[in-house]
Amino acid sequence: MILQELNKYYERKIAETESEMPPYGTSVEGISFALIIDQKGQLQGVEDLREEDNKKLIPRKIPVPAAVTRTSGVKANYLWDKSSYVLGADGDGAHEQNKLRFDAFCEQVSLVSGNVDDAGIVALIQFLNSWDCERSAEEISQYIPWETVAGTNLVFRLDGERGYIHTCSNAQQAWNRYCSNTEGIPTGRCLISGQEEQPLARVHTPIKGVLGGQTSGGYIVSYNASAFISYKRDKADIAESSAFAYTTALNFLLRRGSRQKVTIGDTTITFWAEHQSIAEELFAEFFAPEESIVVETSTEDDQQTSGKIFDLLQNIRSGKRAVDIIPDLDESVRFFFLGLAPNASRLAIRFWLVGTVGDFLDNVSKHFNDLAIVRQFDSEPEFPPLWRLLCQTATLGKSENILPVLAGGVTKAMLNGSMYPQSLLP
């Protein structure tokens, strides 16, 4: 059911007019630099694409041809990748393994592009044919320090053109043809869509954004030993398109800066509605609401939202309905909460909760009613966030010391209106 609902969320978001959800065959990746080449394939410069965030430079999120899943061995992306693939060198130099990666990148460009007549792709092939991996550091350092570029994700841009080579129509058409080729791929009935004779995904895209998880991501659907095989099926029968949809949707919900995820202890919680709902903007505040109604915000809309949330919390705690404060809130919309925790290269499902917005608001109301006490000081929060409560149970009062099982149990109790875990007792 989790995968089906994530698939529906992807379909809902991709149908929006200005959707941020990447279409099938693409993924949004952190790209740090663009290599500028001329029509003869000669390097003309290195463009820094990084953005400033909290006084740090971070890679810019850019849609690119979908990233491959590297479980082992050498496997290259199309028209973009790390410097070890694109240039055949990284911080450790142009060793033998990096040269194999460079060869794989060249082979992938040739395999997908074929005889595509496009100035950018022709220039890129000339660049790759003439590139000397041993001189990568020397060539790049003419424009930007090599140690800054080494190990980062790179794309290409044709000198004098605004877009990147991977965004040109000819490159996109070539990639779409490559993705639609199902020769040699086993088919079956997709467990998500129910459609028959669908090309089945052999490896699913890893999920990133879970606190404590591996930087390369983890899996919620994964098999790697014969002991996990049943009914002569060595993989979950999920179509490639459905696997792309559910993994893309979950990565979107867990992306950096997402307002639809919170972290409590070791549990990363993401949530969404079956249909577009203002509730998606509100529920994060029940886990970590503003400390007071007076909040320094950047825009008038933010200030109004903060005021509404404070009023909403006061109303639901006193037993009033949320629609009295937010008339356009539909309490009948189904809502979903997914709690994830790291588990080596996989992700553990801490909890999966399904209900209506109204049901969850009633349970949150009960939670805050149970917590209502007279404050000793005005500086104390009127609506203590869940993480602050749990910190009181942790050694030294540090969030990283919150017991994992306790964090998940208290969160479920708040949302389900059930009893708090016995381990919460002193």
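Just so you know, these numbers use all the heavy atoms, side chains as well, and skip hydrogens, waters and symmetry mates.
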For this session: Indicate yes or no: does Asp362 engage Lys366 in a salt bridge with an N to O separation below 4.0 Å.
Result: no

Problem set entry | Side-chain ion pair, Glu51 and Arg256, N-O less than 4.0 Å | no

Just so I know, are the side chains of [X] and [Y] near enough to count as touching, which here means a heavy-atom distance under 4.5 Å?
X	Y	result
Leu49	Phe33	no
Val74	Asp103	no
Thr248	Thr26	no
Ser193	Ser242	yes
Tyr246	Tyr9	no
Leu211	Asp266	no
Val155	Leu79	no
Ile269	Phe351	yes

Nearest heavy-atom pair of [X] and [Y]: which atoms, and what distance?
X	Y	value
His367	Met414	CG-CG, 3.8 Å
Lys208	Ser216	CE-O, 3.6 Å
Val410	Pro421	N-CG, 3.7 Å
Ala273	Phe336	C-CE1, 4.3 Å
Ser83	Gly151	OG-N, 2.7 Å

Separation of [Y] [atom2] from [X] [atom1] (nearest 0.5 Å):
X	Y	atom1	atom2	result
Leu87	Phe105	CG	CZ	8.5 Å
Gln108	Asp81	CD	CG	9.5 Å
Ile36	Asp38	CD1	CG	11.0 Å
Gln172	Asn170	CD	CG	9.5 Å
Arg350	Thr411	CZ	OG1	10.5 Å
Arg101	Ser84	CZ	OG	5.0 Å

Within 6.0 angstrom of [X] [atom1], more than 12 heavy atoms from elsewhere:
X	atom1	result
Gln44	CD	yes
Asp53	CG	yes
Asn129	CG	yes
Glu107	CD	no
Met1	CE	yes

Problem set entry | Whether Tyr24 and Phe244 hold their rings parallel, tilted or perpendicular, with breakpoints at 30° and 60° | perpendicular

Exercise. Taking the inter-plane angle between the rings of Phe337 and Phe271 on a 0 to 90° scale, is it parallel (under 30°), tilted (30 to 60°) or perpendicular (over 60°)?
Worked result: tilted

Problem set entry | Candidate pair Ser258 and Gln260, rule side chain to side chain donor-acceptor pair (under 3.5 Å), full reasoning | CA-CA 5 Å; Ser258 172; Gln260 289 175 241; 5.5 Å; no

Seminar exercise, completed: Partner of Lys13 under side-chain contact (heavy atoms from CB on, under 4.5 Å), picked from Met21, Gln276, Glu20, is Met21

Seminar exercise, completed: Sorted by chain and number, sequence neighbours left out, salt bridge (charged side-chain N to carboxylate O under 4.0 Å, His left out) with Glu47 holds for Arg157

Problem set entry | Partner set under salt bridge (charged side-chain N to carboxylate O under 4.0 Å, His left out) for Lys261, not counting sequence neighbours | none

For this session: Report yes or no: is the cationic atom of Arg60 (NZ for Lys, CZ for Arg) closer than 6.0 Å to the six-membered ring centre of Tyr164, at no more than 45° off its axis?
Result: no

